[in-house]
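Data first, discussion second: the structure below is written as structure tokens.
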Amino acid sequence: MSSSPLSKKRRVSGSDPPTGSSRAPASAVPPSVTPANGMAKNGGEAEIDEGLYSRQLVWEGGRWVSGLPPPPPPLFYSDTPPLPPKFYLREEDVGQNRAEATLPRLAELNAYVAVTSTRQPLSQELLAPFQVVVLTNSSLEEQLWVGDFCHSHGIKLVVADTRGLFGQLFCDFGDDMVVTDTNGEQPLSAMVSMVTKGCPGEVTCLDEARHGFETGDFVTFTEVEGMEELNSCGPVEIRVLGPYTFSIGDTSGFGDYVRGGIVTQVKMPKHIRFKRLREALAEPEMMITDFGKAERPPIMHWGWQALHRFIRQHGRPPRPRHQGDAAEVVALTREVAPGAELDEELLRELAFQATGDLAPVNAFIGGLAAQEVMKAVSGKFTPITQWLYFDALECLPEENKETVLTEEQCRPRNSRYDGQIAVFGAELQAKLGAQKYFVVGAGAIGCELLKNFAMVGLGCGPEGCITVTDMDTIEKSNLNRQFLFRPWDVTKLKSERAAAAVREMNPALRVSSRPDRVGPDTERVYDDDFFEALDGVANALDNVDARLYMDRRCVYYRKPLLESGTLGTKGNVQVVIPFLSESYSSSQDPPEKAIPICTLKNFPNAIEHTLQWARDEFEGLFKQPAENVNQYLTDPKFVERTLRLAGTQPLEVLEAVQRSLVSERPRAWPDCVAWACRHWHRQYSNNIRQLLHNFPPGQKTNSGTLFWSGPKRCPHPLVFDPDNPLHLDYVMAAANLFAQSYGIGGSRDRGAVAEGWPAVPPRPRSPYRCFHMGQSKLIAGKIIPAIATTTGAVVGLACLELYKLVQGHRRLASYKNAFLNLALPFVGFSEPLACPRNKVRGLPHSAGADPIDMSRGKPADVAVDPIDVSREARRRGGRPYRCLAGSPQTWR
């Protein structure tokens with residue numbers, strides 16, 4: 001895979017260099033060797049392209065997991081299933097070894113990861129070289145001996161298993177797991193206004209914002225005047241006293257506090273001890289995922305052991321909806337946990353679904369397990385300690401479950417959907433095939449949605465279809481988390497390549513792609529006929545405005561909406577059901593805190609202030625002036641419209657146009673360099689000198705305190721130094737941008753620019769706090785960090801809600817909004833809020849859902865469909881007076 005000139009690369013130590021290729025790999029790969037398909041060989045000193053991982057690095061803090069000692073290549077150990085239901089397996093792979101059939105397609109994902117497979121039986125010799133071992137679909141006996149071996153040899157162990165709507169996860173990371181960052185958040189900092197002498201000493205922060213610290217946090221101090229001993233102290237543990245105060249221990253022997261100071265949180269290593277699997281079975285520690293089902297994990301813990309006993313005794317899992325097998329599993333559970341209070345219905349469902357295999361549950365448990373592997377090798381984020389059990393039984397039919405789900409309905413049919421039919425029966429499979437869904441966006445979430453839809457058979461019937469739209473093209477950084485794309489797809493349309501990829505996963509999938517943005521300008525494309533034919537919409541968008549627009553369209557056309565989003569290790573799922581739950585627009589996040597203009601211009605005290613200042617500076621120099629000039633030259637009413645602006649805005653805009661076209665218009669490249677030099681001096685020397693003239697460093701306020709104290713940091717004017725690369729880079733960049741605005745050819749000749757100034761002796765540089773470039777990009781560019789593990793888990797939960805929508809669940813309690821943060825780790829669920837219900841003339845009315853005919857002064861006996869009203873208006877040649885769903889409609 002070729003890299004762009006702007007891509008940065010890092011080297012990963014090893015023994016053999018990697019190989020690269022931009023062509024599709026060969027179809028066959030030997031099972032025990034590294035495939036020669038463009039990926040790195042095991043070990044090797046490989047150049048890692050940061051462009052591929054840009055969205056992950058801004059969240060990981062720039063740390064490379066591969067910076068650890070190189071492990072052996074990931075190993076796949078598997079058997080031969082009768083009919084594979086997995087997304088990397090095809091119909092032609094039936095009868096082949098599962099690992100060997102998966103290997104070549106898996107190897108395409110990342111050119112820097114070497115993957116091998118083997119048919120050798122698991123043994124201590126096979127496991128010894130690895131740092132992490134992940135067991136899936138394994139027997140309890142195998143788990144126990146592997147767990148003992150791994151714990152004794154310092155190898156991290158993850159065990160993951162799913163059974164229909166049930167999931168299990170176990171982690172053992174050794175006797176002393178060191179976590180360097182427990183939550184993945186940026187360290188907090190605050191400005192100090194007072195420190196008392198005493199035992200303990202109390203620190204008071206400025207009351208501009210809460211400090212955000214918690215008891216037990218560690219902090220360091222800098223720039224404290226008077227009590228300088230704090231500046232040289234190591235990390236100090238604190239106890240929070242209030243939103244603006246905390247105590248730090250004994251300060252009675254320190255000097256008197258004068259002013260200033262910055263307190264910064266320090267991430268301290270945390271040590272965690274894990275029990276080996278054998279011990280954890282008897283004394284389990286469990287992470288609760290749904291506090292509405294807090295009593296279920298212990299029962300599932302015992303039930304899973306009983307399930308292993310059943311399989312060992314019979315050589316097979318319990319049959320779907322077989323009452324005798326289920327009763328035996330309940331009896332075995334009583335043997336595992338004698339005297340315990342059991343939920344027999346829960347255990348029976350576990351037995352009924354023992355052969356179930358659902359893509360959404362696999363995606364959720366697989367996403368969590370993959371994130372635990374990352375934690376194991378990096379020490380970043382808090383791991384699961386130690387068991388996690390999950391169920392989604394609310395996906396089953398709400399009524400008549402015993403008659404709908406029978407042994408006949410759930411029996412195997414030699415179909416790729418047998419694992420799903422075992423849970424929901426054949427009737428739901430037919431309903432899934434007839435669904436018509438609209439997927440808006442083909443990014444990371446969109447790819448996962450399409451993959452899950454293909455695996456569950458959504459839109460695979462003769463009457464079903466899936467439409468996916470995305471106007472973007474594929475970039476290199478997308479390959480890190482949008483797994484439907486390959487290096488040879490770069491620059492192609494996301495929607496087209498995503499549709500083609502899922503068609504290969506399931507040839508029966510009826511999917512079409514479009515390159516259109518959703519919005520008012522495409523309502524002729526996505527019109528009444530299009531939306532009326534849909535059964536639902538799944539959003540995979542990256543901005544709030546588009547989400548709000550699609551939410552309004554779904555409310556208007558009364559279509560269910562699956563809404564999900566991620567932010568690094570955080571994610572959420574919201575399901576919107578017409579006439580039942582509130583819409584996405586019903587609740588909004590609080591607006592971002594605005595930064596005062598005076599703070600940006602004169603008193604910045606945080607990295608966010610300087611980055612926002614730089615954004616405003618760039619737009620004010622190279623964006624807004626050009627737009628104003630173009631409007632002035634092309635729009636005859638520009639001046640008239642500008643003069644109607646409030647305050648001094650007309651003068652400011654017209655003066656800016658005059659400068660751009662007359663007084664500061666460059667004629668050649670030297671004029672651009674001169675402009676850049678003048679601008680540098682104005683911003684970093686002249687303006688600062690003027691500010692210090694108005695407010696000298698020693699000036700005091702009327703209360704007697706220094707003006708330059710607290711959040712006001714005293715600035716220092718700079719002197720241009722052509723030998724300082726930072727100074728010269730600024731002038732070169734500004735000059736080239738200014739030249740480009742006027743169509744003048746730029747230059748990269750730094751020497752010619754530097755010769756324009758006499759040599760200046762270097763000045764001592766004041767220390768400054770470094771900030772990682774990735775975090776700067778994250779803040780300045782408002783980049784949303786993304787990692788594949790969170791995306792997989794979030795979309796898995798979203799697709800569980802799809803099962804409920806297709807079945808037509810009408811109980812609000814059956815649906816679940818989900819919230820997760822894999823870094824903590826935390827997974828939580830809540831019931832969606834009901835849609836607002838108001839009264840119109842004394843009768844109930846669901847806001848935003850039930851249309852009302854107000855023409856006669858009372859609710860209509862028959863509700864009027866606003867869509868039909870709009871059509872009737874067009875047929876009569878008129879237009880609707882109001883076109884909002886649930887609003888009265890008349891014609892003009």
Side-chain angles (χ1 to χ4, degrees), residues 165 289-294 360 391-401 435 437-438 440 531 534-539 541 544 547-565 571-590 794 797-820 827-854 858-867 882 884-888:
L165 291 168
T289 58
D290 190 341
F291 289 94
K293 309 174 183 176
D391 79 87
L393 294 183
E394 60 276 358
C395 292
L396 295 175
E398 290 180 322
E399 298 176 352
N400 305 320
K401 183 175 66 174
Q435 292 290 298
Y437 255 75
F438 185 28
V440 188
F531 271 96
L534 295 176
D535 292 296
V537 176
N539 272 354
L541 295 162
V544 174
R547 285 183 165 104
L548 292 172
Y549 173 80
M550 284 307 302
D551 179 67
R552 291 194 297 269
R553 300 295 279 176
C554 289
V555 169
Y556 183 89
Y557 291 103
R558 306 175 189 176
K559 301 300 178 183
L561 172 66
L562 292 174
E563 172 60 53
S564 53
N572 75 284
V573 175
Q574 180 181 358
V575 56
V576 179
I577 313 101
F579 308 104
L580 195 61
S581 73
E582 71 170 8
S583 67
Y584 175 82
S585 307
S586 299
S587 59
Q588 297 184 14
D589 295 332
V794 163
L797 295 176
C799 290
L800 287 174
E801 301 306 304
L802 174 70
Y803 288 132
K804 306 169 190 178
L805 293 173
V806 174
Q807 294 175 85
H809 284 192
R810 297 308 303 166
R811 297 174 190 165
L812 193 62
S814 297
Y815 293 93
K816 299 288 185 182
N817 289 343
F819 311 89
L820 56 86
V827 180
F829 298 91
S830 69
E831 179 182 311
L833 295 177
C835 64
R837 296 186 179 275
N838 306 315
K839 286 189 176 182
V840 178
R841 298 190 181 274
L843 296 179
H845 164 58
S846 298
D850 299 332
I852 294 178
D853 182 1
M854 300 295 293
K858 63 179 181 178
D861 295 331
V862 179
V864 179
D865 192 326
I867 300 173
R882 292 172 108 182
L884 294 176
S887 301

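- Here the OG-OH distance, from S830 to Y815, works out to 15.0 Å after rounding to the nearest 0.5 Å.
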Worksheet item: What do the steps show when you test L805 against Y437 for side-chain contact (heavy atoms from CB on, under 4.5 Å), and what is the final call?
Response: CA-CA 12 Å; L805 293 173; Y437 255 75; 3.7 Å; yes
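- Pairs passing the side chain to side chain donor-acceptor pair (under 3.5 Å) check and including a residue from residues 802-812, sequence neighbours excluded, read Q420-Y803, E801-K804.
- For the side chain to side chain contact (heavy atoms under 4.5 Å, CB included) test with Y584, the passing option among V555, N539, V544 is V544; the others fail.
- For the atom pair CG (L548) and CG (L541), the distance works out to 10.5 Å, reported to the nearest 0.5 Å.
- Among residues two or more places apart in sequence or in another chain, the side chain to side chain donor-acceptor pair (under 3.5 Å) test is passed with Q435 by none.
- Contact check for P560 versus P578: side-chain heavy atoms found under the 4.5 Å cut-off.
- The side-chain contact (heavy atoms from CB on, under 4.5 Å) test applied to A392 returns L165, F390, E394, C395, L800, not counting sequence neighbours.
- Here the closest heavy-atom approach between residue L812 and residue P832 is recorded as CD2-O, 3.2 Å.
- Considering CZ of R553 and CG of L534, their distance stands at 11.0 Å, rounded to 0.5 Å.
- With sequence neighbours excluded, no residue forms a side chain to side chain donor-acceptor pair (under 3.5 Å) with T289.
- Every side chain to side chain donor-acceptor pair (under 3.5 Å) that D391 has, sequence neighbours left out, goes to K293, R296.
- Applying the ring-ring contact (aromatic ring centres under 6.0 Å, His included) test to F531 and every residue at least two apart in sequence or in another chain returns Y557.
- Scored by the salt bridge (charged side-chain N to carboxylate O under 4.0 Å, His left out) test, K559 finds no partners at all (sequence neighbours excluded).
- Taking the side chain to side chain donor-acceptor pair (under 3.5 Å) definition, one finds that E398 meets it with S814, sequence neighbours left out.
- Annotation: the span from S583 atom OG to Q574 atom CD amounts to 8.0 Å, rounded to 0.5 Å.
- Here the SG atom belonging to C835 is positioned 9.5 Å from the CD1 atom belonging to I577, to the nearest 0.5 angstrom.
- At least one donor-acceptor pair closer than 3.5 Å links the side chain of D290 to the backbone N or O of G292.
- Sorted by first and then second residue, the salt bridge (charged side-chain N to carboxylate O under 4.0 Å, His left out) pairs with a member in residues 571-586 form an empty list; sequence neighbours excluded.
- Remark: side-chain polar atoms of R547 are paired, donor with acceptor, to backbone N or O of S564 under 3.5 angstrom.
- Contact annotation: the side chain of V575 approaches that of L562 to within less than 4.5 Å [non-hydrogen atoms, C-beta and beyond].
- Remark: N572 pairs with F819 by the side-chain contact (heavy atoms from CB on, under 4.5 Å) rule, at least two apart or across chains.
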